Amino acid sequence: MTTQHRLQERIEARIRENLLGLVDSKQWNIYRGRFVNAVQARAEELLGVPCLTTNAGTSAIELALRAHGIGPGDDVVIPSSTFVATAQAVLLTGARPVLCDVDDATFNPEPEHVAAVLTPGTKAVLFVHTFGNPSGAGRVAAFCAERGLLMLEDAAQALGGRLGGRPIGSLGDGAAFSFNTSKPVSCGDGGMFAAADPEVYERAKAIRHAGLREVPDGRFLAHEIGGKSLMTEFQAAVLEPQLDVFEELARVRVDTALLLREQLPKVSPHARLQHIDDDAVSAWQRVAITLDTPARAEQALVEHPWLERFYAAALVDEPVVARHAVYTEEIAHRCRDQWGRLVGVTLWPFQDFAELVGRTADLKDGHV
Ligand SMILES: Cc1ncc(COP(=O)(O)O)c(C=O)c1O
C-alpha cells in the first residue's frame, strides 16, 4: 500500500464519519456550521490571510473583483492561456477581460505582457497561477504596485503553492481558489476567497450573501448588490479531512509531479517542461510540457493516449471570449499556437498517482 493509499483511506473514513454525523446532527442546513468554520480556520492557517468559503472558484473570483468595486467600464487584464472561467468571472461583473500574452516557459504573464495591453480603463490584473505555478507573480505584483493597479490572484489551481516562501493567495489584493473536481483538494465543487484588507474582506462577505451586513440593532440589511455563493456544510464536511492532512497530501503530490517531470520530456526531443522559477513552489495541479509545433503535440496525443490537452479550445476560440474580450490578432495567434503545443497530465485528487506514473512507462522507447 502506498503513502497515497494510506492517506486516501484515512480521508475517506473521515469523510464518511463527517457526512453521517452531519445528517444525524440535523445541522447540515445551517450557514456557518461547524465544518464551514473548520475549513475556513484551517485555510487561514495555511495561507495566513482571512478566508471566505464559497460555492465555486468562479464566484470567488467574482467576489475578488466586486469587492474592489470592479464592474462596467473597467478593464481587467487576464492571461490568454487560462481556462474560460477566468474570463467569465470578469464578464459576470460587467467588466471587460483584456487578454495578454504569457511567457512560453512558465505559461504565466510577465510585466511586459501586461504593460503591452494596458488601457485607460485598466483597474486590475488577474494573475493565474497556471497549473499551480506562481512564477512571475512577484514581478507582476511589483509592476501593479508601481502603476496603481490591483493585483488579484486566480489561484483556482494553486492551493499549496508558494513564492519566495509566501503562500499563493497572499501575494496580491485578493485571491480565489477552487475545490472543483480536478483541484488539489476537492469537494466536487467549492471555492474560497482570501484577502488581507479588512474592508475588502467585509465587502466580499456581504456580496457573498445577498449584500447583507449587520447593523447596530443586530439585524442584517442589504446595503449593496450581492448574490449567493456560500459553501454548504456538506461540501465543507468533504473538504475538512483533506485540509487536515494537507501537508502530507502535498508531499505525495510533489513526489508524483517530480517523477512525471522525469518522464514527460521523453515524449519528444522537442518537449519542454513548464518552467518553475527557483523561488517558486508549484501546487502541481498538472504537469505540463510544450512541444515545438502543434503538429508534434497532436502526434504525441495519438501515440500516448494518457496525455491530454487541458482545455477544449484556445481561450480566443471560446465564442464568449471572441465576442466580449479584447485582444489583438497577434495575441490570438500566439494563444492558439501555445494551446496547440501544450499537453500533459492532471493529478486528479483521488486518482491513483502510482498508476498515473506507471502509464508513462510506454515512453521508454517512444520518441515523436
Ligand atoms: C484557472 C481557473 N480559474 C477559474 C476556475 C473556476 O473554478 P470553479 O470551477 O471552481 O468555478 C478554474 C476551474 O477549473 C480554473 O482552472
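Whatever order the structure lists ligands and atoms in, that order sets their numbers, starting from 1. On a predicted model such as this, the values are computed, not experimentally measured, just so you know. Quick note: numbers below take in every heavy atom, side chains included, and nothing from hydrogens, waters or symmetry partners.
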Going by the order shown, which atoms of ligand 1 are within less than 4.0 Å of some heavy atom of A85?
-> 4 (C), 5 (C), 6 (C)

Examine the side chains of D189 and Q235 and answer whether a donor and an acceptor come within less than 3.5 Å of each other.
-> no

Specify the protein heavy atom at minimum distance from atom 3 (N) of ligand 1: its residue, its atom name, and the distance to 0.1 Å.
-> D154 OD2, 2.8 Å

Backbone or side chain, does any N or O of D189 fall under 3.5 Å from an N or O of ligand 1?
-> no

Which word best sums up how the rings of F131 and Y311 line up, parallel for under 30°, tilted for 30 to 60°, or perpendicular for over 60°?
-> tilted

Ligand 1 atoms nearer than 4.0 angstrom to some heavy atom of S178 are 7 (O), 8 (P), 10 (O)

Which of the ligand 1 atoms, numbered from 1, are nearer than 4.0 Å to a heavy atom of G57 | 7 (O), 8 (P), 10 (O), 11 (O)

For ligand 1, is there an N or O atom under 3.5 Å from any N or O atom of Y311?
-> no

So, the side chain of Q285 versus the backbone of S182: is there a donor-acceptor pair under 3.5 Å, distance only?
-> yes

Counting from 1 in the order shown, the ligand 1 atoms closer than 4.0 Å to a non-hydrogen atom of T82 are 1 (C)

Indicate whether the side chain of S229 and that of R208 have a donor and an acceptor atom separated by less than 3.5 Å.
-> no

Tell me: protein heavy atom nearest atom 14 (O) of ligand 1, and distance?
-> K183 NZ, 2.7 Å

Pull out every atom of ligand 1 sitting under 4.0 Å from any heavy atom of V128, numbered as shown with elements.
-> 1 (C)

Of all protein heavy atoms, the one nearest atom 16 (O) of ligand 1 is Q157 NE2, 2.9 Å

Is A56 close to ligand 1, meaning an N/O of one under 3.5 Å from an N/O of the other?
-> no

Check whether the side chains of T346 and E308 place a donor and an acceptor atom closer than 3.5 Å, and report yes or no.
-> yes

Considering S59, A158, A156, which one's heavy-atom position lies nearest to atom 12 (C) of ligand 1?
-> A156

Out of curiosity, H129 NE2 to L159 CG, how far, rounded to the nearest 0.5 Å?
-> 11.0 Å

With no hydrogens and no angle check, do the side chains of D317 and W339 hold a donor and an acceptor under 3.5 Å apart?
-> no

Please say whether N180 places an N or O atom under 3.5 Å from an N or O atom belonging to ligand 1.
-> yes

Numbering as shown, the atoms of ligand 1 that approach T58 to under 4.0 Å (heavy-atom distance) | 6 (C), 7 (O), 8 (P), 11 (O)

Minimal non-hydrogen separation, S282 against P134, with atom names | CA-CD, 4.2 Å

Please find out if less than 6.0 Å separates the ring center of F220 from that of H209.
-> no

Between T119 and D75: side-chain donor-acceptor atoms closer than 3.5 Å = yes

Looking at I61, which atoms of ligand 1 are within less than 4.0 Å of one of its heavy atoms?
-> 4 (C)

Contact between T130 and ligand 1, counting heavy atoms under 4.0 Å?
-> no

